[in-house]
Amino acid sequence: MVPAVSTSTETQVDEHVALAVRAGLLAAPKRLPPWLFYDAAGSRLFESITGLPEYYLTRTERSILARHAEEMVERAAQPSRNARLRIAELGAGSADKTRLLLKAAVARQSEVVYEPVDVSATALLIAQARIEREIPGVQVRPLAMDYTNGFALDPAGAGERRLVLYIGSSIGNFEPDEAARLLRKVRAQLAPGDGLLLGVDLVKDEQTLLAAYDDAAGVTAAFNKNILTRLNRDLAADFDTAAFAHRAAWNRARSRMEMHLVSRAPQRIRLGALDLEVEFKAGESIHTENSYKYAPGGAEAMLESAGFTAAGSWTDARGWFSVCLAKAE
Ligand code: AVJ
């Protein structure tokens with residue numbers, strides 16, 4: 001018998017990736033979903049972005065949490081002063097900023113169950129090890145899954161109150177109707193008195209926004225183009241990343257930052273695993289991401305329409321980012 005030899009083009013193709021890429025590259029205008037950014041290399045690039053001088057989002061949100069974590073946790077437990085919080089987090093990733101909230105929770109109730117939800121099992125393991133080492137009293141119960149397709153949390157026990165974290169402006173990747181639908185799904189998992197802490201980026205001057213998504217060191221450009229490198233590997237495609245330019249644009253009418261990959265010349269790309277060829281005109285773009293920016297009060301309004309009651313919101317001195325607490329009634 002001849003042993004089966006698997007070549008790179010014969011290796012297993014992720015059907016979820018294949019479907020999304022085929023649909024996106026056959027659409028007009030062309031697009032790719034932003035979750036494709038986060039392979040191992042893309043996740044590392046995003047971590048570097050969070051430390052860039054131009055990328056104000058992460059450090060601004062962290063400063064808000066550093067200043068107000070105790071009040072947020074206290075208010076999430078109210079009105080019953082002795083309710084124990086049980087904390088879940090959607091798209092936890094490295095859970096770096098979350099540690100501020102977990103420390104505040106442990107200070108209040110000495111032990112806390114933390115249930116991070118993320119598609120990346122690797123990110124969850126790293127976060128779990130770090131948190132259990134650094135914050136005694138936190139019991140980490142990771143859930144590796146794609147929360148956008150719906151998710152189920154165990155109901156909180158007697159005397160417990162759930163707090164769901166959805167921070168980091170992750171909701172900004174969703175169209176307003178999708179964002180509202182996701183919040184309603186979260187609401188459906190909660191009992192009256194449970195809370196949701198939502199982090200959203202706010203509208204600000206265009207120059208600041210553009211710099212945050214087109215940094216001088218080119219890390220965001222590399223993050224954007226990494227999607228093409230991923231398709232070369234996962235779908236046997238032949239993209240030349242140098243033949244595409246990174247473009248960040250502020251879409252004022254729709255209140256969102258957009259990222260595009262713009263074809264520098266007419267070209268034809270083959271995606272072997274999809275048995276697909278795609279033509280690009282010079283200047284034609286692939287729209288890879290939207291990052292919605294909210295007006296003051298916008299997130300609160302969206303939360304109210306999803307069945308929550310606003311229970312507090314905190315911002316930074318410049319009013320660049322907002323963290324909102326909402327309660328299920
Ligand atoms: C992880 C979705 C919050 O939209 O700012 C960073 C991703 N894109 N630089 C964002 C991202 C370009 C980021 N989120």
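First listed ligand is number 1; within each ligand, the first listed atom is number 1. None of the values given here were measured: they were computed from a predicted structure. By convention here, the first residue in the shown sequence is residue 1.
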- Message: ring-ring contact (aromatic ring centres under 6.0 Å, His included), that's the test. Do Tyr294 and Phe321 meet it? Break it down for me.
- Response: CA-CA 9 Å; Tyr294 290 82; Phe321 199 95; over 10 Å; no

- Query: Which bit of Phe223 is near ligand 1, meaning a heavy atom under 4.0 Å away: side chain, backbone, both or neither?
  - Reply: side chain

- So, Arg270 and Asp238, do they make that salt bridge, N to O below 4.0 Å? no

- Message: What I want to know is whether Ser291 and ligand 1 share at least one N or O pair that is separated by under 3.5 angstrom.
- Response: yes

- Message: Pairs of nitrogen or oxygen atoms closer than 3.5 Å, one from Glu289 and one from ligand 1: do any exist?
- Response: yes

- Message: Between Asp316 and Arg67 (salt bridge meaning N to carboxylate O under 4.0 Å), is one present in this structure?
- Response: no

- Query: Charged N to carboxylate O below 4.0 Å: is that the case for Glu175 and Arg181?
  - Reply: no

- Task: Return yes when Phe46 approaches ligand 1 closer than 4.0 angstrom through a heavy atom, no otherwise.
- Result: yes

- Message: Among all the protein's non-hydrogen atoms, which is closest to atom 3 (C) of ligand 1, and how far away is it?
- Response: Gly168 O, 3.1 Å

- Query: Are any of the side-chain nitrogens in Glu111 or Arg84 under 4.0 Å away from the carboxylate oxygens of its partner?
  - Reply: no

- The protein heavy atom nearest to atom 2 (C) of ligand 1 is Asn173 OD1, 3.4 Å

- Task: If you have a sec, work out which protein heavy atom is nearest atom 14 (N) of ligand 1 and how many Å separate them, to one decimal?
- Result: Tyr55 OH, 4.1 Å

- Task: Using a strict cut-off of less than 4.0 Å between a Lys/Arg side-chain nitrogen and an Asp/Glu carboxylate oxygen, indicate whether Glu279 and Lys281 qualify as a salt bridge.
- Result: no

- Please confirm whether Ser169 comes within less than 3.5 Å of ligand 1 when only nitrogen or oxygen atoms on both sides are compared. no

- Message: Please determine whether any non-hydrogen atom of Tyr38 lies less than 4.0 Å from an atom of ligand 1.
- Response: yes

- Are Arg130 and Asp96 ion-paired here, with the side-chain N under 4.0 Å from a carboxylate O? yes

